[in-house]
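Since the structure is predicted, the reported quantities are computational estimates derived from the model, not experimental observations. Below, read A as the first sequence line, B as the second, and so on, with proteins coming before strands; counting in each chain starts at 1.
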There are 2 protein chains.
Amino acid sequence: MSLAPWRSPLAGALHRNDSQPHCRYLQLATVRADGRPANRTVVFRGFLPDTNQLKFVIDSRSQKPEQIDHQPWGEACWYFTNTREQFRLAGRLTLVQQEHPNPALQQARQTTWKDLSDAARVQFAWPAPRETRADAVAFSPPPPDSAQPLANFCLLLLEPVQVDHLELRGEPQNRWLYSLDSQTWTTQAVNP
Amino acid sequence: MSLAPWRSPLAGALHRNDSQPHCRYLQLATVRADGRPANRTVVFRGFLPDTNQLKFVIDSRSQKPEQIDHQPWGEACWYFTNTREQFRLAGRLTLVQQEHPNPALQQARQTTWKDLSDAARVQFAWPAPRETRADAVAFSPPPPDSAQPLANFCLLLLEPVQVDHLELRGEPQNRWLYSLDSQTWTTQAVNP
């Protein structure tokens, strides 16, 4: 696979904003079963090797799996506060749960689990999200095995087919649309 | 109207993050006519007086009006980088275009236009967004009349019925769900 043309400006943005830990936080929109949108902050976990797919990790007990099952399309909005630029990345979502049949994706799920910090891993051993607040002791479980993902740990992939890059600092501003069509990316300079 | 119970923590977050201009930037998700989500950064313009409705400004030439017409429901995700807390605000969207019949909302549209900076107002006189990049001269139009909104200027309102507040800095983390039911707000402490 070849690197999509938006990868270079995105890598540049990550580099120029990396003094800020929140530069890896972005907002992922999905659609609920009732047709209404959902939106939450997720952490960028790098790209799936040899692809243009962004990696995230999610808990199967959250609301996302049902939403993705209903509508496997997502749009991420990534605003970089230091350089004042925004990437909107729209594409198909792939949820890699424990029972996913693809061995390569299972392997990626394992590797991603291993690469998490202890603090990130232990959250998957916490009580179920959105349920009535549990006692404090429930949030101090033994640390999970770093080699074996917990059953509720999922890898989530976003494969963009359209990327909208806006630079607020341009003169006046700069904006580019990247579109994937018949496996070819086109790039267009558009009005902000 | 009474202040919703999430207004106080949100005001606190705005206050504690106000050294950063981007503390007023949040991500608004809507749904496209094809059922896929859309997501972009918008600027919080305060609350409509005597309501719990958040104000934004948008351009009628953008994709939002068609999306809101199709699905008048939105979810905003607001992450505060300094205090490390997130508000997700889900609710009905009201678009106040030039021809909106409600006089009070028309008045609010006018006031919001007047309150914009010159730099924000002039963007509504720029060439249409997302079209092929226009010549530089098109981005230096005469400044619009600050008393009379341009026809493509819209006020957008979000009236939350559910608010999900997550504090990453808690021990371990804190999360509250605020829900509006039969005109009464309930507050629940839930697992992060």
> Counting heavy atoms not belonging to B:E66, are there more than 12 under 6.0 Å from its CD?
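No, CD of B:E66 has 12 or fewer neighbouring heavy atoms, counting only those of other groups under 6.0 Å.
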> Check whether A:R40 gets within reach of chain B through its side chain, its backbone, both or neither, counting any heavy atom under 4.5 Å.
both
> With only heavy atoms counted, which part of B:Q67 is less than 4.5 Å from chain A, the side chain, the backbone, both or neither?
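Neither part.
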> Measure distances from B:D59 to the heavy atoms of chain A and classify the residue's part below 4.5 Å as side chain, backbone, both or neither.
neither
> Decide yes or no for A:Q173 and B:W126: does some side-chain heavy atom of the first lie under 4.5 Å from some side-chain heavy atom of the second?
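Touching, per the 4.5 Å side-chain cut-off.
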> For chain A, which of B:P72, B:A128, B:A136 has the most heavy-atom pairs under 4.5 Å?
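Of B:P72, B:A128, B:A136, B:A128 has the most heavy-atom pairs under 4.5 Å with chain A.
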> Answer whether the closest heavy-atom distance between the side chains of A:V190 and B:R133 falls below 4.5 Å.
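A side-chain contact is absent here, since even the closest heavy-atom pair is not under 4.5 Å.
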> Looking at chain A, which one of B:G35, B:A90, B:A119 has the largest number of heavy-atom pairs inside 4.5 Å, strictly under?
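Looking at each of B:G35, B:A90, B:A119 in turn, B:G35 comes out on top.
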> Is B:Q71 in contact with chain A via its backbone, its side chain, both, or neither, using a 4.5 Å heavy-atom distance?
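The answer is the side chain of B:Q71.
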> Specify the closest pair of heavy atoms between A:P127 and B:N191, including all atoms of both residues, with the distance to one decimal.
CB-ND2, 3.5 Å
> Any idea which heavy atoms bring B:A29 and A:A38 closest together, and the distance?
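Here B:A29 and A:A38 meet closest at CB-O, 4.1 Å.
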> Examine distances only and state if a side-chain atom of B:Q86 and a backbone atom of A:T41 form a donor-acceptor pair shorter than 3.5 Å.
yes
> Quick check on B:A138 against chain A: is it the side chain, the backbone, both or neither that has a heavy atom closer than 4.5 Å?
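Nothing of B:A138, per the 4.5 Å heavy-atom cut-off to chain A.
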> Hey, does the side chain of A:N39 reach the backbone of B:Q27 with a donor-acceptor pair shorter than 3.5 angstrom?
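Judged by distance alone, yes, a pair lies under 3.5 Å.
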> Taking the side chain as everything from C-beta on, heavy atoms only, tell me whether B:R175 gets closer than 4.5 Å to A:R130.
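They are in side-chain contact.
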> So if you build clusters from Ile, Leu, Val, Met, Phe, Trp, Tyr with side-chain heavy-atom gaps below 4.5 Å, do B:I58 and B:L89 land together?
yes
> Do the non-hydrogen side-chain atoms of B:D34 and A:W73 ever get within less than 4.5 Å of each other?
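In short, these two side chains do not touch, never coming nearer than 4.5 Å.
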> Whether the A:Y25 and B:R84 side chains hold a donor-acceptor pair (N or O, under 3.5 Å, no angle test) is what I'd like checked.
yes
> Using a cut-off of under 4.5 Å on heavy-atom pairs, state which of B:L177, B:V31, B:L26 scores highest against chain A.
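Option with the top pair count is B:V31.
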> Is A:E99 atom CD crowded by more than 12 heavy atoms from other residues, nucleotides or ligands, each under 6.0 Å away?
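Correct, the count exceeds 12.
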> Is any NZ, NE, NH1 or NH2 atom of the basic residue among B:R32 and A:E75 found under 4.0 Å from an Asp or Glu carboxylate oxygen of the other?
yes
> Relative to chain B, which of A:E131, A:R36, A:H22 shows the most heavy atom pairs under 4.5 Å?
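Winner by heavy-atom pair count: A:R36.
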> Would you say the side-chain atoms of A:T81 and B:Q20 include a donor-acceptor pair closer than 3.5 Å?
no
> When hydrophobic residues are tied together by side-chain contacts of less than 4.5 Å, even through go-betweens, does B:Y79 share a cluster with A:F44?
no
> Relative to chain A, which segment of B:L28 carries a heavy atom at a distance below 4.5 Å: side chain, backbone, both, or neither?
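Contact with chain A involves the backbone of B:L28 alone.
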> With chain B as the partner, which of A:S140, A:P192, A:S62 has the greatest number of non-hydrogen pairs under 4.5 Å?
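When all of A:S140, A:P192, A:S62 are compared, A:P192 has the most.
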> Determine the minimum heavy-atom distance between A:G74 and B:P37, stating which atoms define it.
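Shortest heavy-atom separation between A:G74 and B:P37 comes out as CA-CG, 3.7 Å.
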> For B:T30, is it the side chain, the backbone, both or neither that has a heavy atom under 4.5 Å from a heavy atom of chain A?
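When you check distances to chain A, only backbone atoms of B:T30 fall under 4.5 Å.
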